[in-house]
Structure formats: structure tokens, C-alpha cells
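Encoded as C-alpha cells, the structure appears first; notes follow it.
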Amino acid sequence: MRLIVPLRGVIQGRGGLFVGSLIPCCLFYFLQLYLKRRRPPPSDPTELPRTSSRTNLFSRGNSIGRVRVSSRAVPVAKPSDSPYYIGLERVKTDPYDRIKNTDGIIQLGLAESTLCFDLLQRWMSENLMESMMQSDDGEFNISSIAMYKPFEGLLELRVAFADFMSRIMGGNVSFDPSNMVITAGGTPAIEVLAFCLADHGNAFLIPTPYYPGFDRDIKFRTGVELIPVHCRSSDNFTVTVSALEQALNQARKRGSKVSGILFSNPSNPVGNILPRETLQDILRFAQEKNIHVISDEIFAGSVYGDKEFVSMAEIAGLGEVDKSRVHIIYGLSKDLSIPGFRAGVIYSFHEDVVNAAKKLMRFSSVPVPVQRILISLLSDVRFIEEYMTAHRQRIRDKHIRFVEGLKQLGIPCAESGGGLYCWVDMSSLLTSYSEKGELDLFEKLLTVAKINATPGTACYCIEPGWFRCCFTALADEDIPVIMERIRQLRESSRS
Amino acid sequence: MTRTGIYRSRSGTPDSKTSAGNDGGGGGGGTTVMRVIVPLQGVVQGRGGLVLGSVIPCAFFYFLQFYLKRNRRDEPVSESDPANQNSGSYPENSDSSSPTQSELNGLSRSLSRVIISPRNSGAHVSVSGRANSILKGGDSPYHVGLKRVEEDPYDELGNPDGIIELGLAQNKLSSDWVSVQNSIGLSLSVIASYEPSDGLMELKMVVAKLMSEATKNVVSFDPSQLVLTSGAASAIEILSFCLADPGNAFLVPTPCSPGFDLDVKWRNGVEIIHVPCRSSDNFNISVTALDRTFSQAKKRGVRIRGIIISNPSNPMGSLLSRENLYALLDFAREKNIHIISNEIFACSIHGDEEAEFVSIAEIADTEENLDKERVHIVYDLSKDLSFPGLRAGAIYSFNENVLAASRKLTTLSPLSSPSQHLLMSAISKPEFIQTYVKTNRQRLQRIYSEFVKGLKGLGIECTRSNGGLFCWADMRGLISSYSEKGEIELWNKFLNIGKINVTPGSCCHCIEPGWFRFCFSNLSENDVLVVMNRIRKVCITCKSQN
């Protein structure tokens, strides 16, 4: 009896000291142990006996069950259910071509630019091979490109990158090559930063709408959560400190640790440029909460509006706050339109982050021949100047054309000043003002109008009806085709 | 001054405010401070009874757990804030700010913190715990040696006193193919735009052909089962991510490649359990040892998800026979685990004609589908093509799930289009692969036999090596004490006196001290003589000391 109801003995004064102190401890310990065992993959406890029974099967000569992949690989392997990726996949099966496939799907979902290919083509045809084969002393030397080199990028490349970045950011800020790590594209840069700044289960605040790829880049392997901070069309989707504050408090109440704020500037998908004051506010907020700031500035050179782009590096350099919390992501995929080169940069003021990232570049460094090409490309100042001017001018022209076309259909766009896309308010086309209505419209655009645009839900926008349309891979004559398709879609749904 | 005052008041009077933390224990008991401090005394003396006896241990245990948990998760950065706040020197700011911020409750609290922040700016924002562990890692002699070579590299003419690199498995013998291929057709429209990050189909076909060539076309590899990555390191990382969860483990026979630790553990949190092989077995993998380690791990509650092997083995350079591979696959089937076969040196075979490389794909092909799914191969184009700067690796797997997951993960370590096209234009010519494999083999053979002969002349024996870019030398006679310390001492002598960088066995997790890995494919024939002279110098100093 005493064993079964141990506390009764204590209550009645018969058990006393020993039972009274030991038993609660034991019970508590077992509870903790039980909870701990239960938590990781819930299938674990049942797993072991099953395996051994499988071994028995095997010894009897039968074939055995399948070997399992890790539980974290399962969600990765599943086909994505985000409309962003669904759309991209659909375009691959039936891409539009002006001559060969006029009924195909037009791609407005991928932020890539073909506007300045003629300039790049010229440069590459003149310089590509020489730049790759050239070594420091000007003579061809195979080991200068073939052999192992430091993973974080050649110093010449980091110097060239620093110059280039400061040039496109208006020359107001200079970058220190020793704070820089060259990565194989912006995607690994974000992942490595997330890995270095947050532990598994920690979270980043991220203003919505945000770039749908972040979900993959950050969540797949690092286990870092993204906590959306909702922005509204009434503020033109600019984040406010009070919204950040609120999201942070809620997250802390729920017990999750917030390690930083992640945002893109110029923002993706809206295309607006964060004003200097907002950047200062964000940095002050981060300082006060002691969290990191990650600024994704991958579209910094694709600014076409009147608003001036201000880099977070410039704000950090003012010395008002501890700048070691500021980290910047940059890449050449958008601004130089060479996504295939997979060249990105982590720029961090935190020494530990730089050092850890350098070591992690073992897994995603830029091949040395590609680095050689980039060095001569970025150091060709005359070409870069010519290219950047043309790049900005041509985006501006295309933007005007595209927005004007939509305007004639009565479809407004959010105000934007940078990026390769615009943020279109298609709420007038929705059948119901809800997420479902938006996804219906996405499906209709894809199947009936044959246009792939990224719906706001994929970007976690809380207001339905917004779509991101990337216009920089379009030719001028494609724009009327798109407008006509949208017009027909609207008429058919009205009738 | 203010600070000490606060402290004194805290410890002095246990009023309700300062002793809040102890409420659970002290509240029910008495008023004496003594009881709070030594709570169990009351119990022992029979005065506290039931409440104290049961609540206090529970509470203490709970706080202990809580404390441990908090400490583990994150460095308590903001913990010190409250203490600092008390000694603030900005009272005037907190007063002046109050009228300006009447809009929001939440805001006012945050702003009061801003005022403290300038003082806090000394406290750095912390990086994640796992980044810290990476910062600390990678300081083994292997990495130290590589760094030293970087600082003072040997050059036959420019720097004849520099350190010769024998620690890095890179092949300089056959890298001339790139310059031969002058007509590499890179055109912008193909290299600049987005392409599938897991590799172009055309390139995969060529890679599959190259891998078949390594097996003398016994196996035909299916290009659709290939995923291209940026280097073998990320291929192994992606595979171990897909096959094991954090806390799970892989069995790795040792001595093994010094890089595995980083690739498997750093970001994936997967453990490695070494299965030592011994010189008495000629460092062959024994299934009994694997089995024993497997059951031991299971007893400890560690879940083993697979075995990682290298074939040709790194650092010994030996080849696994068909029987070995069958035994391994049987073992994996019996335990229902995966096999990762690291075949990055498949084209770098330098043994005589009998030495035959058998890919595990050949063994897997004879098995049923269910069994194939446990077999995964890592391949490195850049190693075998003497072009490590290109960083091109590949995963070949029979498991659809692993392939699907890996394809997506390659966006995080992609192979850039210029490298893909460079590789493609070079190796897509069918005659190229054949000639390359043949020439490479001849050159490796020549330098290998020369190197081993040289070592033999110094009385140093190597294990039989048929593949890879290195040999595994027995220097047990040269170490001063038969221990890891003795081995590191000798390594230091090689580096400082002999000025050559080699890899000590301890970096490869070899349990027997005194073995060293020499990568000879960096050397020209002239260099071999220089290296031998330098080793002789080290031998002489060792012997004179003994």
C-alpha cells in the first residue's frame, strides 16, 4: 500500500523525511525524462523493436522493408505547395515564346533581367577567356585557377566587390574587404548568416510581404523560424517599429527567442526603398533589444526611382550604435544579371560571424575560374559605369511601360523605386476578397490567361489581391500581349 | 557606490521584494533566514515536515533543470541588464523622454531601454551557439599545416626553402588538360541565366560517362540519379542531412579522411562513431568490428543511420574488393542502415593492372530495388580531373527521396554555370575521358613508385596503395614515444626542420600512432628528390635524439 500511494504515508506522518523528499524528486525526474524522450521524433520509441523484427524477417530469407531517410529530409523532398514554386514549375512545362509557342505561359514570377544582355555579351566575348586564364603576373598559369584557394574568395575579388558595392550605393559608404565573405550566390549567404546568428528554434522577425524563397533558404536546414511582421498597403508596406515591437513581444510571450530582424531593401516583392529614418529606427530598435539586423540589399543597384537608396552599412557606420549587429547580403545575380555565376557576398561587422562564415564556405564557395572572371568584370570601371547607367535607365523605361499598361486596365500598382518587379493590386479581379479568392485568381491567370505572377499569399501578405510581376525579362512587344490576356480574363469572368 | 549599496541591502534584509525568488520555499516555513538558506535543516530536525520536505526538493530540482536548460540554449546576453539598470547614469533622459512618448504603452517601455543602451554598447551581440563551435573547430594539425604552407610555400626557383605541401590531396600532374582545351566555348547567354541548381542534364550525362569509365564501363550510371553540388564536401553534407537526424550517428572506419568531421557534424549535428582498423589487418574494414560498435552504440541509445566508407580509401589508398563490398552491404541490410561510399578518387587509380576499382554501384545493381535504396555515392569531378578550384562534386543515389531532397538543397551550395559549361565543353569529347584517365593513371603510377622507392631507401615502409593521391607511411620507428604526443612531435619536426607539410595519422583518427599520409601528386619528379633529402634530414635528427 505504501508503495502504491506513497504520499499517504507522508501525510499520515508515518513516512517522514525520506519518502517525503525522495519521492517527489523521483517523480519529477521521471516526468522530465518522459517528456524529453517524447519530444524529438515521436516515432522513436516504437522504432527499435520494429527494426529487430525486420532483422528476423531477413534471416528467414525474405526481403526487408525500406531504409528510411531522415525525418528532416522528408519535408524537403516533398513537392512544394507554395504558389511561387508551383508557378515556376508550370512555366517550365509550357514556356511562352514569341514565335514558337505563342500560347505558352508568360513568366512574370522570376526576378531576372535580360535588359542589358547585349552589353554583357559584348564584354564577355571580348574578355571572358583572357580574364579566366590570367593570373596575377599576367601570364597564364594553370595552378592559378585549378588549385585550392581560400574558400572565402580571393582578396582581389573581395577588393573588387567592395569597390563595386560602394559605387552602386552612391559612393556614400565604403566597404572593408576583410569584413567580406564571397559565397556561391545570395541563397547560401542567407543560409550561412541564419546559421551563424540563430540557433535551432530561434526566430527572425521579417516584415511581410517577403520574398518567398526565404522560407526555403532559412528553414530547410537551419531550423530558424520566421515570424512575420505584417505591413499594410496604407503604409505602402513599410515596416514600423511599433509593429516590430508588437511582434517581438508576442514571440517572447510564446517563449521563442528572437535573434534578429531580416528585411530586404529595396524590398522584395514591393520594390519600395526604405527611407533613412526607418533604417535608423530599425537599428535603434535592434540595439535596444540586443538582436541582429540582416539587410538583404541584393537589388541595391537596380534602383530606378527618384528615391535615394541608403545601405544599412552607411547607417551602421554613423557610430551611433554597436555595428557588430549589422549584416548585409549582396549578390550579382540581379544587379549584373548574371544569376548563373552564383556570386554573392556576406558583409558583416561581426568578426566571429565573418570567421565562422569563412569556414562554412567549404560548402558553397565560388569556383576559382569564376572568381577570375568576376575580378576582371568588376574592375573594369568603364564598363561597370556604362552598364549600371543602362541597367537603371532600361528598368525605368520598362517599368513605366508595364505600369502604364496596367493602369489602362484600371489596375493600380504600389509605389516602387527599385527591383525588377512591381507589386500589383489585382483586388478588382478577385471573386471574393480572401486568400481563397486570390489563389483562384492565381490559378486562372496561370491556366486561362497563361501568366505566372506570384500571388501575395506566397509572400505572406495579409491583404488579398496583390501580385508580384517581374517585368525585366520581357521584351517591349510582350507587354501588350500580357495586357490583352489580363483584359480577356477580366471580361470572361464578368460575363 | 550606488551599486554596492544595493548589494548590501539585498543580502542584508530579506524583505518581500528582494527574496522573491525564494518565496516558494521560505514562505511556508518560518521567518528565520536560516531556514531559507539551509532549507533541509528544518526537515532534518523534524520541524518543517511535509510541505518543506516535498516542495523544496521539487522546487530546487526544477530550478536546476530550468537553469541548465537556459544555459544550454543561449548565452544569457540580456541577463545582466537588470543589474546594470540600477546603476544607470542617465536619469535626466528618462525624465525628459516621458512626455514625448505618450502614444503607446509598449513604446514607452522600449524607449526607456534605449536610454540604457548606449551604456550597453560594450556588450556585444552574440552569435549562435553552433557558430561558436565552428569558430573553435578546425584547428587540428591538418589545418595548421595547410595554413603554414600558405604562408611560406615552396617554389623550386622563387622560394627553395619554403614548405613543401604533402598534406593536401590535390593533383597537379594532369591539370594541363585545361590549357590544351583552348577552344572552350563559353557564350554568355548560356552561362549567365538561371539554370537548374542540381546541374544541367548534358553535364550529368558526361559525368555519368566519366564515372562509368572509372569502373572500366562495367557499370552504367543513370544521369537522372545524379545531383551535382559545389564540391564533394557539400555532397557529403547534403547526404548526411538527408539520411540522419541530429543526434543520430554514422559509423566511419578509421583511419579516415580528415574532412569528414566537418562535413557531417558542423551544420547537421550528426555524430560520427569511429570504427578503428589496425595495421595488423592491413587497415582492412572488419564487419565484426562494425557489428560490435553498432551494438555498443545501440546500447547507449545512439541511433546509427549508416556507414561512410572511402573507396579508394583515404588515407591508405587501398581498394575495396568485391567481397568487402558485399559484406558491407549485407551488414547494412541486416541493420537496415545506409551506405555512403566516397568514390572521389575513382579515376585516380595508380596500381598495376590487377588493381581494379569496384564501385559499390556495381554491387547495388545486383541487388533488389529495396536494397539499392540504401546505397549512395559521393563523387568529385574536380579531384579526379585535377581541378579542385572548380569545386564540382556529385551525389549518385538510388533513393528517390534522397534525390528529391538533395536537388532542392543544391540551391544552397550550387555549381555555377560557367563551371558547368567549362566542364562540359572539356570532357564531353568521348576520346578525352579515355585519354585523360589513361594518362592520369600513368603519371600517378610513375610518381608513386618513385616516391615509395625513395621512402624505402630511407627505411620507411608504406602500406600497399593502389588508388588515391597519397601513400600511408609507417614512421613508428621515428617517433620518440609511442603515443599521439610522439606523433605530433615528429609532425612538428617535419614542418619546422624538414619544411614539409604532411598529415599525421591522428588527424585521420588512426588509433595507432606513427602513421603519416603523404600526398605525392603535388610533386614533380625533381621535387621528389628534394622531399627525400628533407625527410632524411628529419630521420637523422630523430635518430640522433634517440
Side-chain angles (χ1 to χ4, degrees), chain A residues 10 17 20-21 24-25 28 51 54-55 58 63 66-67 69-73 76-77 112 120-121 124 128 142 145-149 184-185 187-188 191 195-199 221 242 245 257 287-288 290 292 322 324-325 338-342 352-353 355-356 359 362-365 367-368 370, chain B residues 43 50 53-54 57-58 61 77-78 104 106 110 113-114 117 121 124-125 127-131 134-135 138 170 175 178-179 186 188 191-195 230 233-234 237 242-245 334 336 338 368 370 373-374 387-391 401-402 404-405 408 411-414 416-419:
Chain A
V10 187
L17 160 74
S21 59
C25 262
F28 193 65
T51 4
R54 280 189 184 173
T55 324
F58 159 69
S63 72
R66 302 172 67 133
V67 62
V69 299
S70 71
S71 52
R72 54 185 176 182
V76 177
E112 69 175 331
L120 277 172
Q121 183 80 56
M124 298 272 175
L128 190 63
I142 182 64
I145 57 168
M147 292 304 136
Y148 279 117
K149 295 284 167 187
T187 311
E191 193 198 26
F195 184 91
C196 292
L197 302 181
D199 278 306
R221 287 203 294 202
S242 56
E245 175 91 37
K257 190 192 163 199
Q287 169 85 3
E288 156 202 333
N290 197 18
H292 294 274
D322 167 27
S324 68
R325 67 185 73 249
I338 45 172
F341 278 63
R342 312 251 178 208
D352 288 348
V353 172
N355 288 333
K359 289 190 176 179
R362 171 183 180 79
F363 304 115
S364 45
S365 65
V368 187
V370 180
Chain B
V43 186
L50 164 71
S54 58
C58 262
F61 193 65
V77 187
S78 51
L104 276 171
S110 80
R113 282 266 193 100
V114 179
S117 62
S121 60
H124 269 285
V125 61
V127 298
S128 68
R130 48 192 180 183
I134 286 177
L135 284 172
Q170 64 180 4
S175 53
V178 187
S179 49
L186 289 180
L188 172 81
I191 62 175
S193 44
Y194 274 109
E195 273 168 1
S230 73
S234 60
E237 189 190 35
C242 293
L243 302 181
D245 283 306
E334 189 189 322
N336 196 21
H338 297 269
E368 292 170 57
L370 279 178
E373 284 189 351
R374 66 183 81 251
F387 206 149
L390 206 53
R391 317 262 333 137
N401 280 328
V402 170
K408 288 193 190 165
T411 53
L412 301 164
S413 36
S416 67
S417 319
S419 335

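Just so it is clear, the structure is predicted and the values come from calculations on it, not from any experiment. Just so it is clear: chains get the letters A, B, ... in the order the sequence lines come, proteins before strands, and each one is counted from 1.
With contacts defined as side-chain heavy-atom distances shorter than 4.5 Å, the pair B/Ser230/A/Pro367 does not qualify.
Here the side chain of B/Arg391 pairs no donor or acceptor atom with the backbone of A/Phe363 at under 3.5 angstrom. Here the side chain of B/Ser417 pairs no donor or acceptor atom with the backbone of A/Phe341 at under 3.5 angstrom.
With chain B as partner, the option from A/Ala184, A/Cys196, A/Pro188 having the largest number of non-hydrogen pairs under 4.5 angstrom is A/Cys196. Per-residue counts of heavy-atom pairs under 4.5 Å with chain A were compared for B/Ser413, B/Ser419, B/Ala244, B/Ser234; the largest is that of B/Ala244.
Contact between A/Arg342 and B/Pro414 at its shortest, heavy atoms only, is CD-CG, 3.2 Å. Closest approach of B/Leu412 to A/Arg221, counting heavy atoms only: CB-NH2, 3.7 Å. Nearest heavy-atom pair, B/Ala405 versus A/Ala73, reported as atom, atom and distance to 0.1 Å: CB-O, 3.9 Å. Pairing each heavy atom of B/Ala404 with each of A/Ala77, the nearest pair is CB-O, 3.8 Å. Nearest heavy-atom pair across A/Arg72 and B/Asp245 is N-OD1, 3.2 Å. For the residue pair A/Val69 and B/Cys242, the shortest heavy atom distance occurs at CB-O, 3.4 Å.
With a threshold of 4.5 angstrom between heavy atoms, B/Ala233 approaches chain A through its backbone and through its side chain. Within the 4.5 angstrom heavy-atom criterion, only side-chain atoms of A/Val370, from C-beta onward, approach chain B.
A/His292 NE2 to B/Ser128 OG: the interatomic distance, rounded to the nearest 0.5 Å, is 8.0 Å.
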